[in-house]
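The basis for the numbers below is simple: all heavy atoms, side chains too, and nothing from hydrogens, waters or symmetry mates. Counting starts at 1 for both ligands and their atoms, following the listed order.
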Amino acid sequence: MKFNIITPFPEIIEGALSASILGRAVKNGIVEYNIINLREYGEGPHKKLDDHPFSGGPGMVMMAGPIFEAFEKELSDSDTDKRVILPTPVGVKYDQKLAEELSKEKELVFICGHYKGVDERVVDSLVTDEISIGDYVLTGGEIPSLAIIDSVVRLLEGAISDPESAETDSFSHPLLDVPHYTRPANFRGMEVPEILLSGDHKKIEIWKNELRLKRTKERRADILTENKG
Ligand code: 6GU
């Protein structure tokens with residue numbers, strides 16, 4: 001799967017996509033990352049990317065010109081039906097279902113906005129999906145793009161060494177995950193729950209299920225009611 005990321009801050013993206021599972025996925029031939037430096041398409045000697053909004057008021061808006069040019073020069077037009085994602089707080093809310101849907105695509109494009117946002121003509125002509133990663137405000141689209149890419153890559157065949165582990169994670173499962181422990185059984189006087197040392201797998205399964213339900217009720221009652229519907 002190929003990920004194209006158009007950004008004025010490629011250094012934020014490069015580091016995050018080169019380490020751990022996201023980096024290994026490149027070496028294993030599962031994914032390819034094409035990081036496009038939007039700054040190269042800026043206007044004039046200062047490579048300007050933004051300007052004042054026609055509406056007046058504070059903040060700057062990213063101009064359509066540099067984004068259109070980067071798009072046209074850097075992305076092959078052979079496959080015109082690829083999804084183009086603009087991370088934005090006014091988008092539809094991202095969730096695991098959308099991650100699964102995106103993981104079936106061959107290629108995705110991310111446009112990382114900054115300041116007040118991007119000129120709406122970019123949205124009208126280039127963007128297929130405006131996506132928000134939650135109800136809070138970030139300074140730019142890089143971190144949301146990385147969150148989306150991370151959640152998609154880990155769903156790809158061969159990206160995670162233990163696919164069963166991915167299946168039991170919170171949100172693939174309808175309930176929240178249980179706490180995990182490893183050696184030693186006693187760490188600075190803090191004990192692992194006794195049942196986990198019992199070797200009784202049936203009892204452990206029951207314990208896990210009860211805890212999943214308890215945690216979900218306490219922390220995320222909203223997903224319990226959602227799953228009933
Ligand atoms: Cl996708 N972008 C920004 N700037 N802030 C956000 C967001 C996206 N999702 C939640 N907050």
Side-chain angles (χ1 to χ4, degrees), residues 1-17 19 21-22 31 33-39 41-42 47-68 70-71 74-75 82-105 107-156 169-172 176 219-220 222-223 226:
M1 182 164 179
K2 184 171 179 180
F3 296 87
N4 304 280
I5 306 110
I6 300 176
T7 169
F9 299 103
E11 63 276 15
I12 302 177
I13 304 288
E14 277 154 12
L17 295 185
I21 291 170
L22 304 187
V31 300
Y33 304 124
N34 178 25
I35 303 169
I36 298 158
N37 186 356
L38 184 62
R39 189 63 59 181
Y41 295 90
K47 301 290 173 193
K48 193 175 161 62
L49 292 174
D50 59 342
D51 210 332
H52 297 278
F54 278 118
S55 61
M60 301 291 272
V61 175
M62 285 176 73
M63 294 185 289
I67 297 173
F68 268 75
F71 202 90
E74 305 263 1
L75 302 171
K82 39 179 175 285
R83 284 172 85 162
V84 178
I85 297 165
L86 179 71
T88 165
V90 303
V92 300
K93 204 188 246 180
Y94 194 59
D95 61 12
Q96 192 64 25
K97 190 166 155 271
L98 187 46
E100 276 160 26
E101 188 185 313
L102 294 178
S103 74
K104 296 185 175 90
E105 297 289 323
E107 186 165 352
L108 293 174
V109 181
F110 292 83
I111 299 174
C112 302
H114 275 264
Y115 322 111
K116 243 180 141 73
V118 307
D119 189 297
E120 192 66 14
R121 287 162 292 190
V122 170
V123 179
D124 295 340
S125 307
L126 302 179
V127 171
T128 62
D129 295 82
E130 292 179 273
I131 298 176
S132 162
I133 63 164
D135 294 337
Y136 44 83
V137 182
L138 300 168
T139 57
E142 283 77 12
I143 288 170
S145 293
L146 288 170
I148 296 168
I149 293 167
D150 187 302
S151 65
V152 169
V153 172
R154 65 185 289 291
L155 292 174
L156 301 177
D169 280 344
S170 305
F171 298 107
S172 305
L176 298 184
R219 300 179 181 186
R220 292 297 305 274
D222 59 313
I223 63 175
E226 255 172 50

> State, yes or no, whether a side-chain contact exists between L108 and M1 at a heavy-atom distance under 4.5 Å.
yes
> Please give me the minimum heavy-atom distance between M62 and H114, naming the atom from each residue.
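Shortest heavy-atom contact: SD-N, 3.1 Å.
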> Does an N or O from L138, backbone or side chain, lie closer than 3.5 Å to an N or O of ligand 1?
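There is such a contact, yes.
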> Decide whether the shortest distance between a heavy atom of G134 and an atom of ligand 1 is less than 4.0 Å.
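Yes.
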> Where is the nearest protein heavy atom to atom 3 (C) of ligand 1: which residue, which atom, and how far?
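The answer is P89 CD, 3.4 Å.
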> Side-chain contact, heavy-atom cut-off 4.5 Å: F110 with I13?
no
> Taking the side chain as every heavy atom from C-beta outward, state whether Y94 and S151 have any pair of such atoms under 4.5 Å apart.
yes
> When only distance counts, is Y136 in polar contact with ligand 1, meaning an N/O pair under 3.5 Å?
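In this structure, Y136 places an N or O atom under 3.5 Å from an N or O of ligand 1.
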> Please state which protein non-hydrogen atom is closest to atom 1 (Cl) of ligand 1 and give its distance, to 0.1 Å?
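Scanning the protein heavy atoms, the shortest distance from atom 1 (Cl) of ligand 1 goes to T88 N, 3.0 Å.
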> Taking the basic N atoms (NZ, or NE/NH1/NH2) and the acidic carboxylate oxygens, is any pair closer than 4.0 Å for K97 and D95?
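Looking at K97 and D95, the cut-off is not met.
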> Record the part of D135 in heavy-atom contact with ligand 1 below 4.0 Å; permitted values are side chain, backbone, both and neither.
neither
> Return the residue, atom name and 0.1 Å-rounded distance of the protein heavy atom closest to atom 9 (N) of ligand 1.
I133 N, 3.0 Å
> With heavy-atom distances below 4.0 Å as the criterion, list the atoms of ligand 1 near I131.
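Near I131, meaning under 4.0 Å from one of its heavy atoms, ligand 1 has 1 (Cl).
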> Please round to the nearest 0.5 Å and tell me the distance separating atom CG of L22 and atom CG of L17.
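Answer rounded to 0.5 Å: 6.0 Å.
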> When rounded to the nearest 0.5 angstrom, what is the spacing between OH in Y41 and CZ in F71?
12.5 Å
> Using a heavy-atom cut-off of under 4.0 Å, does the side chain or the backbone of P144 touch ligand 1, or both, or neither?
side chain
